[in-house]
Q: 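Pasting a structure below so you can have a look.
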Amino acid sequence: MTTWVVMIIVLVVGGLLQSLLPGYAFLGHVKFPFLLAFVLYYALNWDVAVALLAALLAGLLQDVLSPLPLGYSAFCFCAVGWLANRWRQLVLTEPVITPLFFGGIASMVVTLTQYVLLVRGDLIEGDWGRLVLRLIVAGILGMVSTPLMFLFAGLLDRLVGNVEEKGRLDGAE
């Protein structure tokens, strides 16, 4: 039970941070991707079912809180969460370099995928200069927000006893 309570708390905090922190015009209106960082935390520390549930919940919450069509973020988050989960056994999540790397790359991939989906759906006009700016800023903000989310979620998981002795989280409850 505590696993799901922690997940909901982290999801709500990530959603609040992402919606309350501004996206500045000179940075392409890119916001801190705390919900994507939430997905990466669960993708790199839990089994694939929990990772995909986290991705679906975070994606739907992001779509509700943003002007994106419903399902765009959920699709992108599920794809990125699944891919990151495939690397879970090969990386250590304790060093800060892991969330930095995955946060930067995942933010750029999600931004690019959403942009392509919006352009292909004739919902926005393609502006490649703006896209390059958004990709750079998304990567940087992903590198900032993901380690913070890993720190916060990891602290909560340790406090309630979700962490095994090796530091890897137990995906079953």
Side-chain angles (χ1 to χ4, degrees), residues 3-88 99-150 152-153:
T3 302
W4 306 113
V5 171
V6 168
M7 181 186 268
I8 296 301
I9 290 170
V10 175
L11 177 66
V12 169
V13 168
L16 284 171
L17 286 172
Q18 185 165 316
S19 63
L20 293 176
L21 293 174
Y24 297 103
F26 69 94
L27 295 176
H29 293 286
V30 178
K31 299 191 89 144
F32 284 90
F34 283 104
L35 291 172
L36 178 59
F38 165 82
V39 171
L40 290 172
Y41 175 79
Y42 283 95
L44 291 174
N45 289 295
W46 295 78
D47 63 37
V48 70
V50 174
L52 289 176
L53 176 64
L56 183 64
L57 291 173
L60 291 175
L61 181 59
Q62 177 164 309
D63 288 340
V64 167
L65 295 175
S66 73
L68 288 172
L70 194 60
Y72 277 40
S73 296
F75 169 75
C76 294
F77 285 6
C78 284
V80 166
W82 179 77
L83 286 170
N85 185 263
R86 307 262 307 159
W87 289 86
R88 163 174 101 93
L100 275 171
F101 175 77
F102 277 89
I105 297 297
S107 294
M108 292 187 331
V109 166
V110 167
T111 300
L112 178 63
T113 305
Q114 287 175 339
Y115 192 83
V116 168
L117 289 172
L118 290 169
V119 169
R120 302 267 301 159
D122 288 328
L123 299 172
I124 62 171
E125 284 191 32
D127 179 358
W128 300 110
R130 182 174 168 90
L131 174 61
V132 170
L133 173 66
R134 290 181 63 88
L135 288 174
I136 293 168
V137 173
I140 293 168
L141 294 182
M143 291 172 65
V144 170
S145 58
T146 306
L148 294 174
M149 183 60 75
F150 272 55
F152 175 67

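Just so it is clear, the structure is predicted and the values come from calculations on it, not from any experiment.
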Q: May I have all residue pairs that pass side chain to side chain donor-acceptor pair (under 3.5 Å) and include part of residues 135-150, sequence neighbours excluded?
A: none
Q: So, using side chain to side chain contact (heavy atoms under 4.5 Å, CB included) as the criterion, who are the partners of L135 when residues are at least two apart?
A: M108, T111, L112, L131
Q: Who passes side chain to side chain contact (heavy atoms under 4.5 Å, CB included) against L60, sequence neighbours left out?
A: L56, L70, A74
Q: Got F34 and L20 here, is their nearest side-chain heavy-atom distance under 4.5 Å?
A: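 F34 does not reach L20 side chain to side chain.
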Q: According to side chain to side chain contact (heavy atoms under 4.5 Å, CB included), who are the partners of I136, at least two apart in sequence or on a separate chain?
A: V132, I140
Q: Heavy atoms, side chains only, cut-off 4.5 Å: are V80 and L40 in contact?
A: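 Counting from C-beta outward, V80 and L40 do come under 4.5 Å.
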Q: What residues form a ring-ring contact (aromatic ring centres under 6.0 Å, His included) with F150, not counting sequence neighbours?
A: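 Checked F150 against ring-ring contact (aromatic ring centres under 6.0 Å, His included); matches are Y41.
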Q: Show every side chain to side chain donor-acceptor pair (under 3.5 Å) that has at least one partner inside residues 23-36, sequence neighbours left out.
A: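 Non-adjacent pairs meeting side chain to side chain donor-acceptor pair (under 3.5 Å): zero.
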Q: Among pairs that include at least one residue of residues 63-72, which meet side chain to side chain donor-acceptor pair (under 3.5 Å), considering only residues two or more places apart or in two chains?
A: D63-S73
Q: Check whether any side-chain heavy atom of L148 lies under 4.5 Å from a side-chain heavy atom of F32, and answer yes or no.
A: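 Of all side-chain heavy-atom pairs linking F32 with L148, none is under 4.5 Å.
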Q: Using the side chain to side chain donor-acceptor pair (under 3.5 Å) criterion, which residues pair with Q18? Sequence neighbours excluded.
A: Q62
Q: Name all residues meeting the ring-ring contact (aromatic ring centres under 6.0 Å, His included) criterion together with F38; count only those two or more places apart in sequence or in a different chain, and write none if there are none.
A: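 With neighbours one apart ignored, the set is Y42.
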Q: Could I get the full list of side chain to side chain contact (heavy atoms under 4.5 Å, CB included) partners for V30, not counting sequence neighbours?
A: R134, V137, A138, L141
Q: Quick one, F102 and L83 - any side-chain contact, counting heavy atoms below 4.5 Å?
A: no
Q: Name the atoms and distances for all side-chain donor-acceptor pairs under 3.5 Å in residues 10-17, with sequence neighbours left out.
A:
none

